[in-house]
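Every chain is numbered from 1, with letters handed out A, B, ... down the list of sequences.
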Amino acid sequence: MTDALWTIGAGVAGLSVIALLGGILLQYASKGFSVDGNPLVNSIDALLPQTQCGQCGHPGCKPYAEAIAGGEPINRCPPGGQDTVDRLASLLGVDILPLDADDATTEQDLVAIIIEKDCIGCTKCIQACPVDAIVGAAKLMHTVIVDECTGCDLCVEPCPVDCIDMIPRPKSPDYWMPTRPNIISSDRCGQIGIQHG
Amino acid sequence: MADYQIRRCERQLEGGIHPETQKALSTTDSCIFVGDPKRLVFPIHFSGGGPGEALVAVADIVSQGTPIIKCQSGITHVASRAGKVIDIIDHEIAHPAATKSASIIIEPSGLEDQNYLDPLVWPFDADTLRNRAIEAGILGLGGAGFPSFKKWSEGMQTLIINGAECQPYLTTDDTLMRIDTHSMIRGASMLSQSLDIKTIIIGIEDNKPEVLEAIESALKESCSDCFFDVVLLDTKYPSGSERHLVWLTLGIEVPTGSHAVESGVIVHNPGTLAALSRAIDGKPITDRIVTLTGEALAAPQNIVVPIGAPISHLIEATDTNPESLTSITIGGPMMGYSVTNFTAGITKTTNCLLAREVDIPPESPCIRCGACATVCPVRLQPQQMVFALKGGSLDRAIHEGLTDCIECAACNAVCPSHIPLAEWFRLGRFEARDKANDQRLAAKARERFEARNMRLKRISLEKEAKRAVRQAKTADALEKARKARKESA
Amino acid sequence: MAALHLLGGDQLTDLLLIIVSAALVNNFVLIQFLGLCPFMGVSSRIDSALGMSFATTFVLTLSSVVAYLLQTLLLIPLDAMWLRTLAFIVAIAVAVQFTELALKKTSPLLHSVLGIYLPLITTNCAVLGVALLNTNRAHTLAESAFYGIGAALGFSLVLILFAGVRERLQLADIPAPFRGASIALITAGFMALAFMGFTGMIRL
Amino acid sequence: MIKRPNYPPMDTQIVMCTVLIALVPGVIAMTLFFGVGVLLNLATAIPAALAAEAICLGLRQRPILPRLNDLSAVLTGALIALSLPQAAPWWLIILASTSSIMLGKHLYGGLGQNPVNPAMLGYALMLISAPVTMTTLWIDPLATPDLSTAWLAYLGQSSDAVTGATMLDLYRTEFRALTAAEASQNPLFTQAHLGFIYGYEWVALAYLVGGLWLIYQRVITWHTPMGLLVTLTVVSAFFSFDPDTATPVWIHLTAGAGIFAAFFILTDPVSGATSPKGRLWFAIGVGILTYLIRTYGLYPDAIAFAVLLMNFAVPMIDQYTRPRIMGRGSSIRGSGGQS
């Protein structure tokens, strides 16, 4: 009987000692290693397309980066496309999720253009633009600086006269891309958009 | 007599290949002028020097030398013959993009109607020369078409004349250096003197003894103040690549991502310097030497043709029926591209039309034999890069050094699996360029977004402060009013 | 390994042999099949594999020493060896928690990359396995530490090599049904096959 | 005078064909010393490899003929046939050959995609699965079997009179207890063969000739064979200060698969390192591991395991042995991350 008590006592005591020591150590460690802010946010932000479109439900890319760092799903960025999801998954070491978007057309690179003859100069689009890419003053015609436009289409909704269109981003007249060399038959066909052949 | 020396290059090209040169095919002692074609085609955006705009309208009458296209870089292209602008339409172009592009079509009238610039009189400064190069449309005539004046910055030490012409079949520079030696030397001397360059290096491969002779005799007659260093290179492809020529002749490795100019070296094609010499006399580039070669042509040779002449016109000049050919390679067998529509006009960068039947065996999988790495003159690992590109990872290919590739296609020539490595790398480099551009735009957008947020925050704070002041004032006034009311009561 | 005896004292030789044995001959992952979860989970990128290696090495060495100390200083005097497993798990958990805190401070990216696998080191059977094997084999303090280091080196070696292979496999034209985890498991099997070449090298 | 090619031959098929031709002297020497079993091995393994290749290609709906024509499967079959014991039964050869092609090669996507050497994978699989068959059925060069004995062995009824362990195995087991002088009394040493001590050396010499011809033809570079042979020599010489217990350097080089592997196995470009420096490191690694496993391990010849182990290290070797790119200060290291 005493043996059993002794054993139990020893066990309780032993574990208590271990727990106490461990607790003290971790208490000091958590103080010594406390972190301010989350540097991870910048790494995530660097992978986002910076359209600032708000389709993820956050007002801009940086806030979404903060949300991802806080554990939000990585597939909420339609302009970035599946590619961005893959990169985020790779960076964060999480599973790749399918893109959470309505249609596939979101990946197209668009810019806003103001039909200048219809513009009434209400400045509503200027206030909506997250990157200050629309210039103009009240009662005067507005114009989109194409190079700065991210194609977020946040300016389309506020326009009272529907004079803003989204068009494919204009390319330099001497832009060209070499054709893809033929690839011998491969199981990667789907992956790179080449037909079996 | 100019001060000069002739020496053999002491350095050996690492990598590289010895393809069968086939230069004898088109080598001739003289260079014939062919008759004017029925029409001339000038692509507005693809003539070299960046996207441009037309300076003429349909039905305008132009003289030989009238500016017709002004490019973004400033370079002006002129009409190579007098005639009438008959159309400005989308036309086939001689370009690897293989698309149609807006072009000016001129119908030559056959008149000797010239509209040249005033000759420059020595001494002139570098700026005068730069303006002249812009007006005369001087581009790198070797194939890249880089606006020459952009290389002429201050503080350059050496001018290298790139007469290596290492690509098989090509004899354009060979011909030019033999028949137009004096212009080339004069252009180089003028350029060097206006930029205060003391040394001019002429790099030629040792398979051009006639050129060496011509240069030596021209140098003996020349009265240039510059020192000419004629360097004989081993015949090996690609010794004529700009960075390799700089290394072979000077021992300078041009750092990744920069140009020879940033290392104090200007490299020019002999044709460019000869054209510069004529531009100083007032004549803009209207013609160029083109090598017409290949086993499929009846009479391979070098000819002088007006810029804009259709490819079919050149083929006819070699007694060959254009319809007997299915495609023609522009720019030599290694780095050239194939064109199937012969109505496209030649541009200033068209140095060679090559017609030959090549039977490329079907591609088989890469076995990582490393033959490509052995011949790669920049010591890349092409087998790894193509593995990454085919596997869909541009990032990995860039990490392996994709952007350092000079697209010399030596790897293509030795690949036992017949993989078009250089095509993959070209595509990859273009994609890398687009990606870098996207990243630049994204960075800019991020900056503007953050700036806007800061501004909005500041404005709202200011408003807040103002409101607080206003509220305090109102409260004050109310208090006073209340007090006043009390007192009055 | 007669040659090794010439290189140093017997004591040192034994310690070296322990390392080689734990790292190669009886590799924890490929021969004893311990710690497979992080081996499959964190091997898709070399940099995260490197991070995991460092973290595991640290935890393994620390926990095998702590486990030894717990055993000799606490469990044996208290005659509570039956508490061994429980006590070791607590000790390992503390070591892991400590590593996690330290890592979060020093390399937040790595901390996030290792993600769930970092706390999982707690339940990494290799860690507990080392601690338990140490007591089973009645290792001394130095032997325990070296056994831990050897196990960690072996784990790191195969993890990093495997990550390199997997990075290459991501680009390879693998038949669709075998992509991803299946080819990784098959390759791990072949790797274990290759490590069987070390069989019988050291009999400890 | 044979024209020396400027570059490697211009076709995968020609590369493979050249390697096959280079194997011929070795095959002849082996047939002379080890009997027609060698030819039976080849005659079984090569068709089996081709059949496996065709089946895999068919299952993956790929063009079959072009891939069979490139002779890569023939080469894999030949290499595995020459690695197996000469008195191996037919089922072993077929298993080894098909598993090489199917598991070693097509599981990873076929030619050019496999991370490990298919022939060595097949060999190692057989060694683990059928250790007795794989270690005892080697022909004793002093008792070269005739056709009927070889045929019986092929059918699975090998005769103890002609088979036994290899020279390397003898050194690991029987000779360990003997002094060097006692070991040299073994009939293998006393009964000289055409001036050489025993048959293995003739075979090694024949492979050496074939291998040197491959270097001359620029199908392989000198780095790999040199790396392996020099490492093996240096390491075994360093540890042979006690001749009574150590296996002599000469035996290490010639008795096992040393020369054969140096020129024909390690030089497999697909699974080996890809830069010259990387090839050197790869071969040095194989050399060291071979010595360690031969000396301290359980298996008599360690080349297969050493090659497989180093195959797994190849991606890392590749990443740290890139040549310095022209115009860059230092060579690129690491993999550059994912995706």
Chemist: Give, as side chain, backbone, both or neither, the part of C:Thr187 having an atom under 4.5 angstrom from any heavy atom of chain D.
Modeler: both
Chemist: Can you confirm whether the side chains of D:Thr76 and D:Ser100 place a donor and an acceptor under 3.5 Å from each other?
Modeler: no
Chemist: Is the backbone N or O of D:Leu95 less than 3.5 Å from a side-chain atom of D:Thr98, with the two atoms forming a donor-acceptor pair by type?
Modeler: yes
Chemist: Looking at chain C, which one of D:Ile128, D:Leu289, D:Val307, D:Leu127 has the largest number of heavy-atom pairs inside 4.5 Å, strictly under?
Modeler: D:Ile128
Chemist: Check the angle between the aromatic planes of D:Phe239 and D:Tyr291 and answer parallel, tilted or perpendicular using the 30° and 60° thresholds.
Modeler: parallel
Chemist: Enumerate by number any residue of residues 101-108 of chain D whose heavy atoms lie under 4.5 Å from heavy atoms of chain C; in the absence of such residues, state 'none'.
Modeler: D:Leu103, D:His106, D:Leu107, D:Tyr108
Chemist: Quick one, D:Leu298 and D:Ile293 - any side-chain contact, counting heavy atoms below 4.5 Å?
Modeler: no
Chemist: Given side chain to side chain contact (heavy atoms under 4.5 Å, CB included), test C:Ile183 with C:Arg179 step by step and report yes or no.
Modeler: CA-CA 6 Å; C:Ile183 197 71; C:Arg179 291 256 175 81; over 6 Å; no
Chemist: Side chain, backbone, both or neither: which part of D:Val314 has an atom under 4.5 Å from a heavy atom of chain C?
Modeler: side chain
Chemist: Which bit of D:Ala124 is near chain C, if near means a heavy-atom gap under 4.5 Å: side chain, backbone, both or neither?
Modeler: both
Chemist: Are C:Arg166 and C:Ser44 linked by a side-chain donor-acceptor pair shorter than 3.5 Å?
Modeler: no
Chemist: With chain C as the partner, which of D:Val116, D:Leu308, D:Asp318 has the greatest number of non-hydrogen pairs under 4.5 Å?
Modeler: D:Leu308
Chemist: Non-hydrogen atoms of chain D under 4.5 Å away: do they reach the side chain of C:Phe178, the backbone, both or neither?
Modeler: side chain
Chemist: Please tell me whether C:Ser144 and C:Ser64 have a donor and an acceptor in their side chains that are separated by less than 3.5 angstrom.
Modeler: no
Chemist: Taking every heavy-atom pair that is under 4.5 Å apart, which of C:Leu157, C:Val158, C:Val165, C:Leu169 has the most such pairs with chain D?
Modeler: C:Val165
Chemist: With only heavy atoms counted, which part of C:Ile46 is less than 4.5 Å from chain D, the side chain, the backbone, both or neither?
Modeler: side chain
Chemist: C:Phe162 versus chain D, heavy atoms under 4.5 Å apart: side chain, backbone, both or neither?
Modeler: neither
Chemist: Between D:Ser99 and D:Met126, is there a side-chain heavy-atom distance shorter than 4.5 Å?
Modeler: yes
Chemist: Are a donor atom and an acceptor atom from the side chains of D:Thr12 and D:Asp70 found within less than 3.5 Å of each other?
Modeler: no
